[in-house]
Participant: 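Structure below; questions to follow.
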Amino acid sequence: MSNRRKFLHSSLLGSLGLLLTKKAGAAMSSPVFDNETVTGHPVVISTWDTGLEANKGAWEVLGKNGSALDAVEAGVRVTESSINCCVGLGANPDRDGFVTLDASIMDHQFNCGSVAFLERIKHPISVARRVMEKTPHVMLVGSGAQEFAVAEGFPLEPQVLSDDAKKSYAEWLKKSEYKPVINIENTPGHTAPAEHGPSAPSRLPNGDWNHDTIGMVAMDAMGNLSGSCTTSGMGFKMRGRLGDSPIIGAGLYVDNEVGAVTATGQGEDVIRICGSHSVVEYMRQGMSPEQACRMAVEKINRIKGAKAKEIQVAFIAINKKGETGAFALQKGFSYAIKTNTVEKMVEVKSLI
Ligand code: SD4
């Protein structure tokens with residue numbers, strides 16, 4: 001097989017289920033889980049264990065009666081800032097060795113903005129917000145998004161890989177292929193290595209990061225909903241590949257009359273069913289957040305058939321009553337929640 005074809009082939013193998021890995025072996029300690037349902041507002045929830053720190057960032061806003069929109073931007077910026085993290089400029093590159101970032105944001109009035117295939121900008125979520133607030137458009141991509149960011153005053157960061165990303169990429173280049181790996185994050189005994197700081201994510205047993213996205217949805221003291229999602233996308237993806245995260249309706253959707261939803265996992269399969277929008281519509285039909293997330297996961301499961309076990313997808317949701325819930329295809333997904341009285345990880349039920 002030619003190198004080019006091998007590369008394409010490898011990429012497809014990766015996209016089958018290589019959920020988003022990054023080398024960095026280290027000791028791990030346990031997060032605290034609880035799966036009680038929480039109701040009321042203000043409330044913020046976000047995907048994976050990086051969400052705990054991100055929620056603190058969001059609470060700086062929500063705790064002072066700030067808006068959900070400001071909160072979901074501030075919250076995921078915490079994760080984007082973390083150098084040794086799976087989200088943002090420290091994350092795994094695409095197969096050509098470049099980190100390319102996607103992000104989206106949506107408020108309680110159907111205003112939304114997104115950026116995709118954005119390089120060398122530290123806070124894609126804030127650029128997405130500027131797209132929403134300062135342009136007549138919803139989405140900017142690639143060099144256009146970068147030019148817009150620079151014109152808006154965002155510094156152009158050097159094009160370098162983090163130490164962890166360099167190691168992962170060098171490892172990946174040896175074979176340019178992967179076997180699917182299902183995330184098993186948050187099984188007891190798996191959390192962030194201390195040297196990577198409090199917002200670093202859990203690892204797979206081999207030390208790889210198992211996700212590269214944070215999605216966050218929040219309801220503020222006024223009862224308004226907003227959401228944000230930011231990612232480096234799938235590690236070693238084809239150059240130019242976008243997942244669900246920057247696509248409104250797929251990786252993120254907010255309808256202030258009904259609820260707010262964000263997704264994580266294999267973006268291609270979330271896009272296929274307009275995942276987050278579907279979950280909002282299931283909630284409109286009267287389903288609880290968990291039931292609605294489950295409906296979307298079941299649909300992906302039906303579509304994928306036997307291949308469902310090779311991927312992970314998960315949704316988290318808040319409805320208009322401030323009830324929260326989530327559902328995942330595979331075991332091992334959790335989300336972080338923060339309210340006035342609660343701050344914890346919630347282990348999520350799964351289909352498989
Ligand atoms: C994507 N949905 O780019 C993202 C990946 C993800 O945790 O959620 N990783 O497909």
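Remember, it's 1-based here, ligands and their atoms both numbered in the order they're listed.
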Participant: Is Asp244 close to ligand 1, meaning an N/O of one under 3.5 Å from an N/O of the other?
Facilitator: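 Yes: some nitrogen or oxygen of Asp244 is under 3.5 Å from one in ligand 1.
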Participant: Go through ligand 1 atom by atom and flag the ones less than 4.0 Å from a non-hydrogen atom of Thr264.
Facilitator: 6 (C), 7 (O), 8 (O), 9 (N)
Participant: Any N or O of Ala263 that comes nearer than 3.5 Å to an N or O of ligand 1?
Facilitator: no
Participant: So, applying side-chain contact (heavy atoms from CB on, under 4.5 Å) with Val261, which one of Val280, Val254, Val217 is it?
Facilitator: Val280
Participant: For ligand 1, note which part of Ser245 has a heavy atom under 4.0 Å away: side chain, backbone, both or neither.
Facilitator: side chain
Participant: Give the numbers and elements of all ligand 1 atoms closer than 4.0 Å to a heavy atom of Thr213.
Facilitator: 4 (C), 5 (C), 6 (C), 7 (O), 8 (O), 9 (N)
Participant: Nearest heavy-atom pair of Gly251 and Cys229: which atoms, and what distance?
Facilitator: O-SG, 4.1 Å
Participant: Okay, side chain of Ser46, backbone of Asn55: is any donor-acceptor separation there less than 3.5 Å?
Facilitator: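 Between the backbone of Asn55 and the side chain of Ser46 there is no qualifying donor-acceptor contact (under 3.5 Å).
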Participant: With a 4.5 Å limit on heavy-atom distance, are the side chains of Thr324 and Ile316 in contact?
Facilitator: no
Participant: Run the numbers for me: atoms of ligand 1, each under 4.0 Å from some heavy atom of Gly243, listed by number.
Facilitator: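 This gives 3 (O), 10 (O) as the contact atoms.
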Participant: Should Gly233 be counted as touching ligand 1, given the test is an N or O pair under 3.5 Å?
Facilitator: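 N/O-N/O distance below 3.5 Å does not exist for this pair.
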Participant: Under 3.5 Å, side chain of Asn256 to main-chain N/O of Leu225, donor-acceptor pair present?
Facilitator: yes
Participant: Contact between Val115 and Asp102 at the side-chain level, heavy atoms closer than 4.5 Å - yes or no?
Facilitator: no
Participant: Are the side chains of Arg130 and Phe148 in touch, meaning some heavy atoms are under 4.5 Å apart?
Facilitator: yes
Participant: Any N or O on Asp212 sitting closer than 3.5 Å to an N or O of ligand 1?
Facilitator: yes
Participant: Using heavy atoms and a threshold below 4.0 Å, how should the contact between Arg241 and ligand 1 be classified: side chain, backbone, both, or neither?
Facilitator: side chain
